[in-house]
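First up is the structure itself, then whatever we jot down about it.
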Protein chains: 2
Amino acid sequence: MHICLVIFDGLTALDAIGGYEVLARLPGAELDFVAPAAGVIAADTRRLGIMAYKKLADIERTDILYLPGGPGAVALQEDEDFLSQLRRLDATSSHTVGICTGVGLLAAAGLLEGRRATTNWFFRTQLRARGVEVVDERVVRDGKYLTGAGVSASIDAGLTLANDWAGEDVGRMLQLGLEYYPRPPFPDASPADVPARLQEMVRTFGGGLSRLARTPPWL
Amino acid sequence: MHICLVIFDGLTALDAIGGYEVLARLPGAELDFVAPAAGVIAADTRRLGIMAYKKLADIERTDILYLPGGPGAVALQEDEDFLSQLRRLDATSSHTVGICTGVGLLAAAGLLEGRRATTNWFFRTQLRARGVEVVDERVVRDGKYLTGAGVSASIDAGLTLANDWAGEDVGRMLQLGLEYYPRPPFPDASPADVPARLQEMVRTFGGGLSRLARTPPWL
């Protein structure tokens, strides 16, 4: 079973790593980190580089196509070459997964029209504008499409997919392996619980596009 | 403010990335991925490579010293050169953080003797054998030492440290940025809730040492 985890310049790493940490451990799974061009891919902070050892054009087919988000996803929404690779691989997949603004990439490729999906809390209007029925949930399934809310929802989405793919025993074992019994130190249970002044500050910084101008320290 | 995130062959990536995703976004933070030798470091699955662009010996001082765990941490517990680098940097830090079996590295370096700490659910006996008072909690603080349970506890530990370092407003903003309002799909609330037969299977595979014999696909 092949998992194609697509990464790109300016991704938010946890969008990818939360799902990777679950899915790479599925029995029989072979997971590849794949990018438009092979090499070390810089995350949005410019302080982390992740190795992409295959390029998108070289992947013929995949069972699970997985798209993280991040500020770098914004520019890719307009990249027709990239979107056509997504369409091509989606046509071969049993499951297609989008996390955070990565859901916007699936929508930009025309894969989510009329479907139910979730995304990052501050990206919902943009997703709706692409004809997606946006649902206020952490993980949403519609047919073969599985979407997750922001960043850390990648773990919940990964475990949901593990349960679908390999059953509840494997899912619970993977949850134990990751010791995913969260105890966040603050009482907020959803974005709506965060005071509006803090929400506004996160919206302002959340895009993080200005950071992408920095050169990563390994270049 | 400098954060030295130490990575090594055979780490469990989410141990590192959960904390990174919070701490790299702290105001004024400069986070570096550092390894015994610079280069692309292979995670325990052998399917993920993370760039270490500095080597431990070149870091003179740091404010936050951060150790993830993983099967690769087991061999490092016997590596006196590595442990002496940890002792040297710990002597300069305001906070020293261990996650999962990374707590075992701090203990092997002699930094946790007589202190309260937590670690991965299946590593507690080994940690106790190093003279650590092992506590059944997800995140434990004792003086400047902050320890986290397994893998995904890195996020909880990162947010706890963000709160200590920069206050509750920043902590809640970072939690919102990561949309860390978890909804795991299974009802287990702690390792103890998982049936013994599944616990045993995770213990058997959990070390993951056999995987480390595989050559990463980029080599």
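Remember, it's a predicted structure, so these values are computed and weren't measured experimentally. All chains are named by letter (A, B, ...) in the order of the sequence lines, taking the proteins before the strands, and each is independently numbered beginning at 1.
- For Lys55(B), the NZ atom counts as loosely surrounded, since its 6.0 Å shell holds 12 or fewer non-hydrogen atoms of other residues, nucleotides or ligands.
- Per-residue heavy-atom pair counts under 4.5 Å with chain B were compared for Gly171(A), Cys100(A), Ala153(A), and the maximum is reached by Gly171(A).
- Proximity of a side-chain donor or acceptor of Glu179(A) to a complementary backbone N or O of Trp121(B) within less than 3.5 Å is detected.
- For a residue to count as touching a neighbouring chain, one of its non-hydrogen atoms must lie under 4.5 Å from one of that chain's; by this rule Ala189(B) touches chain A with the backbone only.
- Of the listed residues Thr160(B), Ile50(B), Ile155(B), Asp188(B), the one with more heavy-atom pairs under 4.5 angstrom with chain A than any other is Asp188(B).
- By number of non-hydrogen pairs under 4.5 angstrom with chain B, the leading residue of Gln199(A), Glu30(A), Glu168(A) is Glu30(A).
- The two residues Pro195(B) and Arg172(A) come nearest to each other via the heavy atoms CD-NH2, 3.3 Å.
- Heavy atoms closer than 4.5 Å to chain A are found in the backbone of Asp193(B), but not in its side chain.
- Side-chain contact between Val202(B) and Gln175(A) is absent, with no heavy-atom pair separated by less than 4.5 Å.
- Two residues are said to be in side-chain contact when any heavy atoms from C-beta on lie closer than 4.5 Å; Leu178(B) and Thr12(A) fail this criterion.
- Interatomic distance, CE of Met173(A) versus CZ of Arg197(B), reported as 9.5 Å (0.5 Å rounding).
- Here the straight-line distance linking atom CG of Leu198(B) with atom CG of Asp169(A) works out to 4.5 Å at 0.5 Å rounding.
- Of the listed residues (Trp218(A), Tyr180(A), Tyr181(A)), the one with the most heavy-atom contacts under 4.5 Å to chain B is Tyr181(A).
- Comparing Gly150(A), Pro187(A), Ala38(A), Pro216(A) by heavy-atom pairs within less than 4.5 Å of chain B, the highest count is held by Gly150(A).
- Counting heavy-atom pairs closer than 4.5 Å to chain B, the top residue among Asp15(A), Leu31(A), Val151(A) is Val151(A).
- Contacts of Leu14(B) with chain A are made by both backbone and side-chain atoms, with heavy-atom separations under 4.5 Å.
- We find the CZ-OG distance between Arg183(A) and Ser152(B) to be 12.5 Å, quoted to the nearest 0.5 Å.
- Two residues are said to be in side-chain contact when any heavy atoms from C-beta on lie closer than 4.5 Å; Val139(A) and Pro185(B) fail this criterion.
- When atom types are taken as modelled, the side chain of Tyr53(B) and the backbone of Arg47(A) share a donor-acceptor pair closer than 3.5 angstrom.
- Comparing Ile41(A), Val40(A), Leu48(A), Leu159(A) by heavy-atom pairs within less than 4.5 Å of chain B, the highest count is held by Leu48(A).
- Using a 4.5 Å heavy-atom cutoff, the side chains of Pro191(A) and Leu176(B) are in contact.
- A donor-acceptor pair shorter than 3.5 Å can be found between the side chains of Thr45(B) and Tyr20(A).
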